[in-house]
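Bear in mind that the values here come from a model prediction, so they are computed numbers and not experimental data. Chain identifiers are assigned alphabetically (A, B, ...) following the order of the sequence lines, protein sequences preceding nucleic acid strands; residue numbering begins at 1 within each chain.
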There are 2 protein chains.
Amino acid sequence: MIERKSERTKSAIRAAARQVFALVGYERATIRDIAREANIDPAMVMRYFGSKDGLFADTANFDLNLPQDLGEAPDKAGERMAAHFIAVWEQEGSGFAVLLRSASSNPVAAARIAAVLSEQLLPAVVAMVGPQEAPQRAGLIASQMLGLALSRYVLSLGPVAAMSREQIIAGIGPTLQRYLYGPLAR
Amino acid sequence: MIERKSERTKSAIRAAARQVFALVGYERATIRDIAREANIDPAMVMRYFGSKDGLFADTANFDLNLPQDLGEAPDKAGERMAAHFIAVWEQEGSGFAVLLRSASSNPVAAARIAAVLSEQLLPAVVAMVGPQEAPQRAGLIASQMLGLALSRYVLSLGPVAAMSREQIIAGIGPTLQRYLYGPLAR
DNA sequence: GTCTATAATTCGATAGAC
DNA sequence: GTCTATCGAATTATAGAC
């Protein structure tokens with residue numbers, strides 16, 4: 001089977017869109033920019049994705065893909081969770097950069113991040129610590145991980161961007177560990 | 001002395017601009033929106049602030065205003081720092097919401113946040129723990145505090161927004177405490 | 001000081017030729 | 001499938017009357 005030309009064009013548009021959306025965010029990204037980046041005609045974008053919103057909805061996807069065995073060795077869960085987050089984010093084409101870059105100003109992106117929290121992170125935390133305190137614990141975890149991603153990948157704040165993966169994991173792992181299993185205020 | 005009309009107009013524009021910029025970010029905010037919110041003519045905005053960029057530069061300001069005595073009771077520094085952050089952010093007109101809402105897509109806003117880190121937070125951390133590990137520690141603190149602000153005030157993520165100030169401080173204080181004085185990876 | 005009119009751009013989207 | 005031409009809307013910014 002020869003791959004159809006239209007599919008190759010579509011893939012090229014998708015890749016270019018991910019790149020441009022991740023770099024400048026939804027508002028500043030233009031269909032013309034994306035088409036130029038993909039070396040195709042701007043009208044092709046409309047043909048294949050219908051609208052700028054349609055292209056964004058197609059591109060701005062993210063699956064946290066948490067492993068099932070996080071609760072098995074509870075004393076190292078924080079570190080493993082931190083390492084997993086970083087690995088997933090740094091996967092090319094994960095779509096997370098697209099989402100986070102636009103979340104502050106684009107309601108669709110913001111809603112998808114909220115959905116990842118409530119549909120993926122929260123259930124995992126429930127499975128680990130039970131339903132009672134899970135929302136608080138998941139919320140604290142989300143705040144730290146979103147802040148890390150914002151500082152390191154979106155804003156590229158010097159001190160955070162300069163740290164190695166190992167330093168990040170060693171610094172943040174214990175935080176997640178405490179957010180999972182440490183004491184909590186009522 | 002009667003306050004001059006022009007000054008009152010300028011203040012009204014500033015207040016409206018802060019509100020609109022904080023709510024929808026730099027790109028989606030329009031001079032017309034801001035003028036309508038301030039009940040003045042859009043041309044007045046140009047007259048007093050020169051351009052949309054000029055207005056944003058005037059509005060998007062933030063002073064972390066860290067107290068000098070943070071290092072004096074080192075065992076409670078994390079909690080006091082967390083409480084101080086929250087108090088400053090929730091001050092009306094602090095300009096922090098304006099900055100954070102636009103930081104992901106606006107280079108000026110991003111640069112100002114980076115400046116707060118390097119010129120205000122970092123020196124304070126240096127004063128507490130010395131210059132050696134200060135950048136890492138300040139970077140970790142920034143990641144947690146920016147993530148909290150993003151989750152709670154910008155994205156309004158359910159679980160984070162639902163927590164009380166006390167719960168936030170109890171949850172995040174120990175994290176900052178460890179980022180300040182705990183062990184670090186090399 | 002205030003407002004009207006409009007210039008100059010930019011962009012998403014459409015129509016239709018080839 | 002691909003591309004040209006262009007519409008229509010929105011927005012920043014300016015010129016100038018009052």
Proximal nucleotide (of C/dG12, C/dT2, D/dT12) relative to the A/Thr30 side chain: C/dG12

Separation of C/dT10 P from A/Arg28 CZ (nearest whole Å): 14 Å

A/Arg32 side-chain proximity, nearest of C/dC3, C/dC11, D/dT14: C/dC11

Whole-Å distance separating the CE atom of A/Met44 from the C1' atom of C/dA15: 13 Å

Rounded distance (Å) that lies between atom P of D/dA13 and atom CZ of B/Phe56: 14 Å

Donor + acceptor pair across side chains of B/Glu27, A/Ser105 (<3.5 Å): no

d(CD, B/Glu27; P, D/dT12) in whole Å: 11 Å

Nearest-Å distance for atom pair CZ/C1', residues B/Phe49 and D/dA13: 16 Å

Contact under 4.0 Å: A/Ser51 side-chain N or O vs C/dG12 OP1/OP2: no

Reference residue B/Phe96; test ring-ring contact (aromatic ring centres under 6.0 Å, His included); the match among B/Trp89, B/Tyr153, B/Phe21: B/Trp89

B/Ile31, nearest nucleotide to its side chain (from C/dA13, D/dC3, D/dT12): D/dT12

Touch class at under 4.0 angstrom, heavy-atom based, for B/Ala29 against every strand present: sugar-phosphate

Separation of atom CD1 in B/Ile13 from atom P in C/dC3, rounded to whole Å: 11 Å

Residue pair B/Asp75 / B/Tyr181, side-chain donor-acceptor N/O under 3.5 Å: no

Sugar-phosphate, base or nothing in reach of B/Tyr48, heavy atoms under 4.0 Å: sugar-phosphate

Atom-to-atom span, CE of B/Met46 to C1' of C/dA5 - whole angstrom: 15 Å

Residue A/Arg47, side-chain atoms from C-beta onward, closest of D/dT12, C/dG1, D/dG1: D/dG1

Side-chain donor-acceptor contact under 3.5 Å, B/Arg152 with A/Ser143: no

Rounded interatomic separation in angstrom, taking CG from A/Asn39 and C1' from D/dC3: 15 Å

A/Val116 with A/Val126, same ILVMFWY side-chain cluster at under 4.5 Å: no

Closest listed nucleotide, where the reference is the side chain of A/Thr9 and the choices are C/dC3, D/dT2, D/dT4: D/dT2

Proximal nucleotide (of D/dT14, D/dC3, C/dC3) relative to the B/Asp41 side chain: C/dC3

